[in-house]
Each structure stands twice: as C-alpha cells, then as structure tokens.
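Note sheet for the following structure.
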Protein chains: 2
Amino acid sequence: MTTPTPVDAATAPRRTRNALMTKEALLAAAQELFGRKGYERTTTREIGEAAGVDPALIARYFGSKADLYLAAVAAERLADDERDEPAGVDQPFADLQDVVEVVLRLTARQGPGPILQALVRDDAPPEIREAARARLVRRIVQPVAAQFDADGIDRPTLRAQVAVAALLGVGLGRSLGWFDELHATDPDELAVLVLEALGRPG
Amino acid sequence: MTTPTPVDAATAPRRTRNALMTKEALLAAAQELFGRKGYERTTTREIGEAAGVDPALIARYFGSKADLYLAAVAAERLADDERDEPAGVDQPFADLQDVVEVVLRLTARQGPGPILQALVRDDAPPEIREAARARLVRRIVQPVAAQFDADGIDRPTLRAQVAVAALLGVGLGRSLGWFDELHATDPDELAVLVLEALGRPG
DNA sequence: CTACTATGTCATCAACTGATGACTTACGAC
DNA sequence: GTCGTAAGTCATCAGTTGATGACATAGTAG
C-alpha cells in the first residue's frame, strides 16, 4: 500500500492505467445514472459499463455501491452545468403542420428530452416546470392559436391548447413506446395522420 | 373452472378460507408497504407476511407484483373518491366517447394518478410501466381499434393508438395545468371538442 | 534489463428476488 | 357421510444483485 512515487494528484497522471481517471469516470457515470434512475434501479454493472470500467473497481476505489452513491451525491454540487435544449423548439413556427412535424421528429429519437419530462412529471421542480410551460405556450400554442384564429375557427386558443396537448401525448407515447404501431410508424406518415385530426377542428 | 355454488359476492363470504378477505388483506398490506417503502424496496415476501398470507397468492389473485402495485394504487384512488363507481377504469369501454369522457373526468380533479405517471416517466420501474401499458392497451386501445374497424376506418389500430395517446396528452396537460383555458374548461364541453377531432379520423 | 506494485480483469460466490406449478387442505353442496 | 373444487402451502426455479479474491498486466524505479 506504499506509494513508490507519491505523485502529486494535479501533475502528470497521464497514463493509460490511471486510478484518478478511473475514479472520476465511475463518479461521473454514477451521478448520471443515480440521478436519472435512482439508487435501487441502478446496478454496479451498469455504472461500470457506462464508465467503461470494470464494476469490481467500484469496490476497490469506493468500497461499495452505497459508498459510491454518497461520493456521487457529495460531488453533485460541482456538476451544475448548463442544459442543452433542442434547437427546434426555439424557432418560431409557421403553422400547425410545422409544429406537428417537428414534434414528431424530435420524439422519434429515443426517450423524451429533459424538457418534456419536466413538463410531464408531477415531482419536477416547480420553477423548471413553469419555465418549460411558458416556453411551450409562447413558441407553440400561441402561433397555432393565431393560425386558428386567422382561419376563422371557433375558440382558437382552447382548440390550440387541446391540439398541442394531444400532440405532446402522441409524441410522448411514441418516444416511450406505448404502442407498437405508433412506435414503428414513420414520423412523416404519422404527421399526416395527426394533421388530419388536429388540422381541421370544429 | 365451473363454480359449483355461484355464491353472490355480497352475501356470506364468512369462511376461514376466504378469497375476498385474502385479496383485501394483500391489497391493504401492499398499500401500506408500497406507500412507506416504495415499490423496489418492498418484496412480495414482505407483503405476504404483513398480510398473513402466502406470497404465492399475489400471483394467483393479482398476476404479479407490478399488477398488485397498480391495484393498490387504483384502490387508494377509489378510496379517496367518495362515490366513484367501483368499476372505474376496470371495465371495458363501449366506444371512444366513453373513453374520452372517463379520461377527462378522471384527470379533472387532482394531478395525474400514479398509474399515468408510471406510464409517462422515463425513470419508472420497467415492470410497472409495462403493466400499466398492457392494461391501457387491453382496456382502451383495443376496444377503440375494434370500433374503428367496425366503422370501416382505415388503419384502425394505428389510429386508435394515436387517438388514445392524444387523449392522454390532453388529460395530462389538463391535470398538470399546462394551459389556462384547457385547465378551466368543463370536462363535458372538452369531451365534445376532443371527440370532434378524434372521433372522425380519416 | 529486472523487479515490484499499482491497476485492471475475470470467474465466481452467496443472498435475494419474483415467479411457477405440483401438492394439500378446507369448505360447502348434495 | 362423499366429493368436487376453491383456497392455500410449499419447494424450487431462473435470474439478478453486490461483493470478493485470485490472477494478469502495465507502468516505473533501480
């Protein structure tokens, strides 16, 4: 257990076998996984795979899974980085068709993004949910309502809200794999279908 | 599987061996334990012991641990509602109109129930999400698809899936207060609106 | 080079999980 | 009483979990 070369932690840990980098990789993976799935649902094997490291090293460097969790929580304060947002949601939309296509295409990838999840979870931090909600209204609901109004449709705001909520439901169900066909259908094809229903309210 | 004595469920289930009492004991124990310790940390053996019943009976009466969880959650919900019909979500639906009305009415009061949340959150335990999903498909999507098919509508299954997902989106947005008008509008009035869009696909 | 050790790999463990199906028992009709 | 069946019991399964220690290898000092 004696360190032959008590290397200063800051200087030159450049090696392919690097205990420091390994520890940090484990810590980062643990933070991500524990944060996303919770403690119980995260396995040491997952953490190891995510970190590109053998799970046995968790025991070596942290003692146990529980100890790794404590270490991850303790280090949590440092990782308060900025969050990415889909570029698509930031652009103004011309009409409902744009909206439908973009939303369906966004949810075509895997899982709903952090924004949609914030919108949907009842335990999300209120200020985050409110921010997501406000953006949704401004970028999507209002343009659609304006279009409905211009088209002389009755109760344009309410109908726009219904349409957007419905669309989010479809996107959510699609990205979470609720239904087989819904999941498998091509985004563009689906857009046509959804537009048929939402596009001509009243 | 023929019942020799089709005893009316309401009358005289006074026996030492009583399926009804056993189910209720399991349900009560499940509510208590799931509520206190969460799903993952609660084992079927614990539930059985707390209920004074063999854990194998969970499988017999509820199907699985995940199904028991859903049943416990549903039962809790019904207990809150004073006079809600005991059938609730457990009965098959006649047509899309039924579905729309029930869903909108259910999401009218409080936030989305645990079941809807389980369906919607990407960090929910997979078994529970799958159980909720399976129930949704069987009780709602399939009947609606059958109706669409009977009406000679093209691609009935896909359209039913889209319709149900959209409907859930509306219910979700409504119960979470996404949009003001959507939140304020009377359920029945809203039902008419949604049906206009979903009810006549193609 | 040789040797030493920090680092990483691997096979495997014991414990626990939910689930299953064959078996036993008690109920209640007759 | 008998007897069929619902209700309950039990042993055991297959899978997963976190953990462990023997082993292999890379990096470095001398």
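A, B, ... follow the sequence lines: proteins, then strands. Residue 1 opens every chain. Just so you know, these numbers use all the heavy atoms, side chains as well, and skip hydrogens, waters and symmetry mates.
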Query raised in the report: From the list dT20(D), dA19(D), dA7(D), which nucleotide is the closest neighbour of the side chain of Ala56(A)?
Result: dT20(D)

Query raised in the report: Can you check whether Thr22(B) has a side-chain N or O nearer than 4.0 Å to OP1 or OP2 of dA7(D)?
Result: no

Query - First encountered from the 5' end of DNA chain D, between Thr43(A) and Pro55(A) - result: Thr43(A)

Report task. Provide, to the nearest angstrom, the distance between the CG atom belonging to Leu68(B) and the C1' atom belonging to dT17(C). Result -> 15 Å

Query raised in the report: Hey, are the side chains of Trp178(B) and Val120(A) touching, using non-hydrogen atoms and a 4.5 Å cut-off?
Result: yes

Query raised in the report: Looking at the side chain of Arg45(A), which of dA7(D), dA19(D), dG18(C) is the nearest nucleotide?
Result: dA19(D)

Requested in this report: Round to the nearest Å and state the distance from Glu127(B) atom CD to dG18(C) atom P.
Outcome: 9 Å

Query raised in the report: When the distance from CG of Leu57(B) to P of dT9(D) is rounded to whole Å, what number comes out?
Result: 6 Å

Query raised in the report: For the pair made of CZ in Phe62(B) and P in dG18(C), what is the distance, rounded to whole Å?
Result: 15 Å

Query raised in the report: Nearest of dT20(C), dT7(C), dA7(D) to any side-chain atom of Arg60(B)?
Result: dA7(D)

Query raised in the report: Considering only heavy atoms from C-beta outward, does the side chain of Glu24(B) approach that of Tyr61(B) to under 4.5 Å?
Result: no

**Report entry** Side chain to side chain, Leu119(B) and Leu176(A), heavy atoms closer than 4.5 Å
**Finding:** no

Query raised in the report: So, do Leu33(B) and Thr43(B) sit near enough that their side-chain heavy atoms are less than 4.5 Å apart?
Result: no

Report summary line: Picking from dA19(C), dG8(D), dG18(D), the nucleotide nearest the side-chain atoms of Thr44(B) would be dA19(C)

Query raised in the report: Taking atom C1' of dA7(D) as reference, at what distance in whole Å does atom CG of Leu20(B) sit?
Result: 13 Å

Requested in this report: Grab the CZ-C1' distance between Phe34(B) and dG18(C) for me, whole Å please.
Outcome: 11 Å

Report task. Without swapping roles, check the side chain of Lys23(A) against the backbone of Phe62(A) for a donor-acceptor pair under 3.5 Å. Result -> no

Query - Candidate nucleotides dC10(D), dC10(C), dA26(D), ranked by approach to the side chain of Arg17(A) - the nearest - result: dA26(D)

Query raised in the report: Between dG15(D) atom C1' and Lys65(B) atom NZ, what is the distance in whole Å?
Result: 15 Å

Report summary line: Rounded to whole Å, CG of Asp54(B) lies from C1' of dC23(C) at a distance of 13 Å

